[in-house]
Each structure stands twice: as C-alpha cells, then as structure tokens.
Chemist: 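Please find one structure pasted underneath; my questions will follow.
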Amino acid sequence: MPKSPEFQARVDPAEGRLSLAGDCRAADLEALETALREWADTGSRSVDLSAAHRFDIGPAWILKRAMADAATAPAVNGALPAHFSYLDEMLDGASARTADIAPPPREPAGLVRLGRALEIRGESWYEALTYGGKLISTAGLAWRSWKHLRIPSIVRHAYETGYQAVPVVAVIAFLISVISAYISAQQLRPYGGEIYTVDIVALGVLRELGVLLTAIMVAGRTGSAYAAELGVMKLNDEVDALESMGINPYEVLVLPRVLGLVIVLPLLTIVADFMGLFGGAMLTRYLIDLPWPQFFTRLDEAIAPTTFWAGLVKAPVFGLLIGLTGTLRGLQVRESSRELGRLTTVAVVQSIFLVIFADALFAIFFLEIDF
C-alpha cells in the first residue's frame, strides 16, 4: 500500500501565496494553523492546492474559515477540498433556519398580562371544581358498593403514609416538646413557677403542636409523594390508559390515597401527643427535678376533658386537605418533567398553607364555643 504524501505548507511572502502539498490530517492542524497565520500577515492573495491531496474535515474547516476571513477573495489554483461543498451546505442550512426563526414577541401590555393571569386562575379553579365533583361522585358510588372502595389499596396507602412515618413524627414531636419545655422553664424560673411548665407543654402539645407538626410533616412527606406519583403517571399516559379501559382513575388512584391519609393522620397525631408529653416529662424531670408522679398529677389538673379531642378532631380535616391538594396537583401535570417538579412544590406549599389556615379557623371556632 503506497504511503500517503507528507503534508507540507509553504508561504511566499513576496506574492502572498500559500502552497499546500500532500494529505492534511488532523495531526497536521498545528502546521496548517502556523502557515495560515503567516499567510494572513502577507496579504492572503492566493492559495496553491495543485499538489494537495486529501483533507480531513477539521483542516478543511480551518482553511475555509481563513479564506473567508481574507480581506479580498484569494485566487485558488487547484481543486478545493471535497469537504468544502459539505461545509457550504451546512452553513447555508443554518442560515436558512436562523432566517426562519420569528423575532421574539414584544412584552404584552399590563391589561393583557392581567387578562392572561385571570384566565389561568379561572382555569385552575375550574379544574379544582371538576376534580371535586368527580371525587364526590366516586366516593358516593364507593360507599354504595364495597367493591368500588378498594380496601386493599386503602390499606397499602395507609401503611405507606402512616406506619412508615411513625419514626420521624415521633422524633420531631419529642424534640419540639423538649424545646418548648426548656424555654418555658427558663422563663418561669425567675417567678418560681416552674411547675406551670407542665401546663404549657400539655396544652401546647395536645391542642396545637402535636397535630400541627404531624400534619406539616405529612404534607412534606406524603403530599409531595402523591403529586409526584400521579404526575409521573400523567406524563406516561397511564391515567389515560385507565380511562380507555373503562376504569375510573379517581376510584383507583385518588380515593384510596385520600381515605388512607384521613385514617392514619389521627393515629399519627396520637403518637405525636404521646411522644410530646414524654419529652416534656423527661425534661422537667432532669431540668427542674420534678418527680414523675407529680408531673402526671399536674398533667391531670392542667388538661380539661376536651383538651385531647381539640387536637384530635383537626387531624382528619388536615389529612383530607393534604390528600386533596397532593392528588389534585398531580393530576394537573402536563407535558414536561419541569411541570412535574413545579406542581409537586406547589402541592407541598399549598398543603402546609391550608393546614395552618384551617388550624387558625379551628382556634377561632373553639374559642367561640369555649371548647
């Protein structure tokens, strides 16, 4: 097999001529670039390719760019590299595509932006109303026929959202009650009222902190999971596949999740209440040296018959709000994974907001009825 001619590049400064010979490979790029720089300094008047053979696409591109950058089109002696025609087609196609791109639209006026925002808000409310109507219809059908209630699915979601969340809920409730008891004891000590730390911890945990912290933890853990699961199913057209098979997706995907969360949130609240009281008892025992029997005696005096129930009755409502928000946002996912991430975040934020807002309404209501 004959050996490829060795690449050579010479520049004639007097005539401004670049002479190339042999095969120009990618390994010869440095020699070619050096010669092109010298050629540019001489005026770049002509190129002699009569002794040149094959060019790789990289050296061909560099030579073409150098010839295009010349002040005047250089005279060419010999055949241009074969890659030049391909590069011309590529550049012409890129120019055509760039020309077809429409200029960016102008920023709409203030009234137009307001109208679009109202339109988007109206569509969101309409979707929420449609979601609520379909869910109520599905729930009514399920209560009339047990086979539509899908008990195994409810049990599975209750296990995933309830039993698996017990450790984190218990730890958070314990730590928050310890912090509350420590701050209360420090503030009451100058007045000799450390014993009232028991009252603050008991009332705070049983009426507010236990259920509120549990709901916030579940909103971040389960609300996001519901939105992400249903959102991925929407992106993969699994929800549409269920509908095409004649299966109600609200019966299979939404109702079991919501019911499972409504069932387990009161149970998680009881766990949080117990761990909160245990944390308060531990801190008062070792910080203010309050014996265990005295702690429980004071606890019995501090709480009323309605104290425990004031916190527990909120739990199913909070669970309903978290389940509805998470599943609604999951079913609203369209087109892209970016929308999935955005609506998952929206589900968590709105769930926490609705939980806190509902807790404020409960506080006002309980105050009015002296509960």
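This structure is a prediction, so every number in the text was calculated from the model and none was measured.
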Chemist: Could you state the interatomic distance from OG1 (Thr130) to CG (Leu331), rounded to the nearest 0.5 Å?
Modeler: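 Interatomic distance, Thr130 OG1 to Leu331 CG, rounded to 0.5 Å: 11.5 Å.
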Chemist: Could you check whether any side-chain heavy atom of Ile270 comes within less than 4.5 Å of a side-chain heavy atom of Phe308, counting everything from C-beta outward?
Modeler: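 The answer is yes, as the side chains (C-beta and beyond) meet within the 4.5 Å cut-off.
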Chemist: Do the side chain of Asp48 and the main chain of Ser50 share a donor and acceptor less than 3.5 angstrom apart?
Modeler: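 The answer is yes, because a donor-acceptor pair under 3.5 Å joins these two groups.
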Chemist: Do Ile369 and Val317 share a hydrophobic cluster, counting only Ile, Leu, Val, Met, Phe, Trp and Tyr and linking them when any side-chain heavy atoms are less than 4.5 Å apart?
Modeler: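 Both belong to a single hydrophobic cluster.
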Chemist: Is any NZ, NE, NH1 or NH2 atom of the basic residue among Arg334 and Glu339 found under 4.0 Å from an Asp or Glu carboxylate oxygen of the other?
Modeler: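 The answer is no: the pair does not qualify as a salt bridge.
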Chemist: Look at the aromatic rings of Phe362 and Phe318 and report parallel, tilted or perpendicular, splitting at 30° and 60°.
Modeler: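 If you compare the ring of Phe362 with that of Phe318, the planes turn out perpendicular.
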Chemist: Can any side-chain N or O of Ser153 pair as donor or acceptor with the backbone N or O of Arg150 at less than 3.5 Å?
Modeler: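 No, the answer is negative, given that no donor and acceptor are paired below the 3.5 Å cut-off.
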Chemist: Between the side chains of Thr138 and Asn248, does any donor sit under 3.5 Å from an acceptor?
Modeler: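 Distance-only check passes for Thr138 and Asn248.
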Chemist: Quick check: do Leu20 and Gln8 have side-chain heavy atoms less than 4.5 Å from each other?
Modeler: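 No, every pair of side-chain atoms sits at 4.5 Å or beyond.
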Chemist: Side chains of Lys314 and Phe366, heavy atoms from C-beta outward: is any pair under 4.5 Å?
Modeler: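 Counting from C-beta outward, Lys314 and Phe366 do come under 4.5 Å.
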Chemist: Is there a path from Ile356 to Val205 through hydrophobic residues (I, L, V, M, F, W, Y) whose side chains come within less than 4.5 Å of each other?
Modeler: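 Each belongs to a different hydrophobic cluster.
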Chemist: Please report the shortest heavy-atom distance between Val239 and Pro249, naming the atom on each side.
Modeler: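 Scanning both residues completely, I find the closest heavy atoms to be CG1-CB, 4.0 Å.
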Chemist: Within the supplied structure, the quantity of interest is the number of heavy atoms (other residues, nucleotides, ligands) at a distance under 6.0 Å from Phe371 CZ; does it exceed 12?
Modeler: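 Yes.
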Chemist: Looking at Arg298 and Glu301, is there a salt bridge between them, counting it only when a charged N and a carboxylate O are closer than 4.0 Å?
Modeler: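 Arg298 and Glu301: salt-bridged.
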Chemist: Would the distance check show the side chain of Asn236 and the main-chain N or O of Met233 forming a donor-acceptor pair, the cut-off being under 3.5 Å?
Modeler: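 Not a single qualifying donor-acceptor pair exists.
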Chemist: Taking Thr269 for the side chain and Leu265 for the main chain, is one N or O donor matched with an acceptor at less than 3.5 Å?
Modeler: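 Yes.
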Chemist: Quick one, Arg54 with Asp23, criterion salt bridge (Lys or Arg N to Asp or Glu O under 4.0 Å). Give me CA distance, side-chain angles, the key distance, then yes/no.
Modeler: CA-CA 5 Å; Arg54 298 179 59 185; Asp23 292 344; 5.7 Å; no
Chemist: So, for Gly162 and Leu268, which heavy atoms are closest and what is the spacing to 0.1 Å?
Modeler: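 For Gly162 and Leu268, the tightest heavy-atom pair comes out as O-CD2, 3.4 Å.
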Chemist: Hydrogens and angles aside, do Thr327 and Tyr131 bring a side-chain donor and acceptor to less than 3.5 Å of each other?
Modeler: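 Yes, side-chain donor-acceptor contact under 3.5 Å.
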Chemist: After noting the C-alpha distance and the side-chain angles of Leu324 and Leu135, does the key distance pass the side-chain contact (heavy atoms from CB on, under 4.5 Å) rule?
Modeler: CA-CA 9 Å; Leu324 292 178; Leu135 185 59; 3.2 Å; yes
Chemist: Drop me the distance from Glu229's CD to Arg257's CZ, to the nearest 0.5 angstrom.
Modeler: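 Atom-to-atom, Glu229:CD and Arg257:CZ are 4.5 Å apart.
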Chemist: In the structure I gave you, are the side-chain heavy atoms of Trp39 and Leu36 within less than 4.5 Å of one another anywhere?
Modeler: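 Yes - at least one pair of side-chain heavy atoms lies under 4.5 Å apart.
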Chemist: Provide the closest heavy-atom pair for Ser177 versus Gly280 in the form atom of the first, atom of the second, distance.
Modeler: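 Smallest heavy-atom distance, with atoms named: OG-N, 3.7 Å.
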Chemist: Mind checking whether Thr345 and Val348 have side chains closer than 4.5 Å, heavy atoms only?
Modeler: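 No, side chains not in contact.
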Chemist: Do Glu38 and Arg10 meet the salt-bridge criterion of a basic N to acidic O distance under 4.0 Å?
Modeler: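 Salt bridge: no.
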Chemist: With a 4.5 Å heavy-atom cut-off, do Leu267 and Val166 have their side chains touching?
Modeler: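 Answer no - side chains too far apart.
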Chemist: Please test Cys24 against Leu32 for side-chain contact (heavy atoms from CB on, under 4.5 Å), starting from the C-alpha separation and ending with a verdict.
Modeler: CA-CA 8 Å; Cys24 188; Leu32 177 61; 4.0 Å; yes
Chemist: Hey, what do you get for CD (Gln294) to CG (Asp289), rounding to the nearest 0.5 Å?
Modeler: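 Taking CD in Gln294 and CG in Asp289, the distance rounds to 9.5 Å.
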Chemist: I'd like to know whether Leu287 forms a side-chain contact (heavy atoms from CB on, under 4.5 Å) with Arg189, so could you lay out the CA-CA distance, the side-chain angles of the two residues, the decisive distance to 0.1 Å, and finally the verdict.
Modeler: CA-CA 11 Å; Leu287 183 63; Arg189 177 168 293 171; 4.0 Å; yes
Chemist: Taking atom CD as the centre, does Gln187 end up with more than 12 heavy-atom neighbours from other residues, nucleotides or ligands that are less than 6.0 angstrom away?
Modeler: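 12 or below, so no.
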Chemist: In sequence, state the C-alpha distance, the side-chain angles, and the governing distance for Leu261 and Tyr226, and then conclude on side-chain contact (heavy atoms from CB on, under 4.5 Å).
Modeler: CA-CA 11 Å; Leu261 198 54; Tyr226 283 0; 4.2 Å; yes
Chemist: If we only count heavy atoms from C-beta on, is the Leu253 to Leu242 side-chain gap below 4.5 Å?
Modeler: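 Yes - at least one pair of side-chain heavy atoms lies under 4.5 Å apart.
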Chemist: Side-chain contact test, heavy atoms from C-beta onward, threshold under 4.5 Å: evaluate it for Trp292 versus Arg285 and give yes or no.
Modeler: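 A side-chain contact under 4.5 Å exists here.
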Chemist: Look up atom CZ in Phe7 and atom CZ in Phe55, then write down how far apart they are to the nearest 0.5 Å.
Modeler: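 One gets 6.0 Å once the value is rounded to the nearest 0.5 Å.
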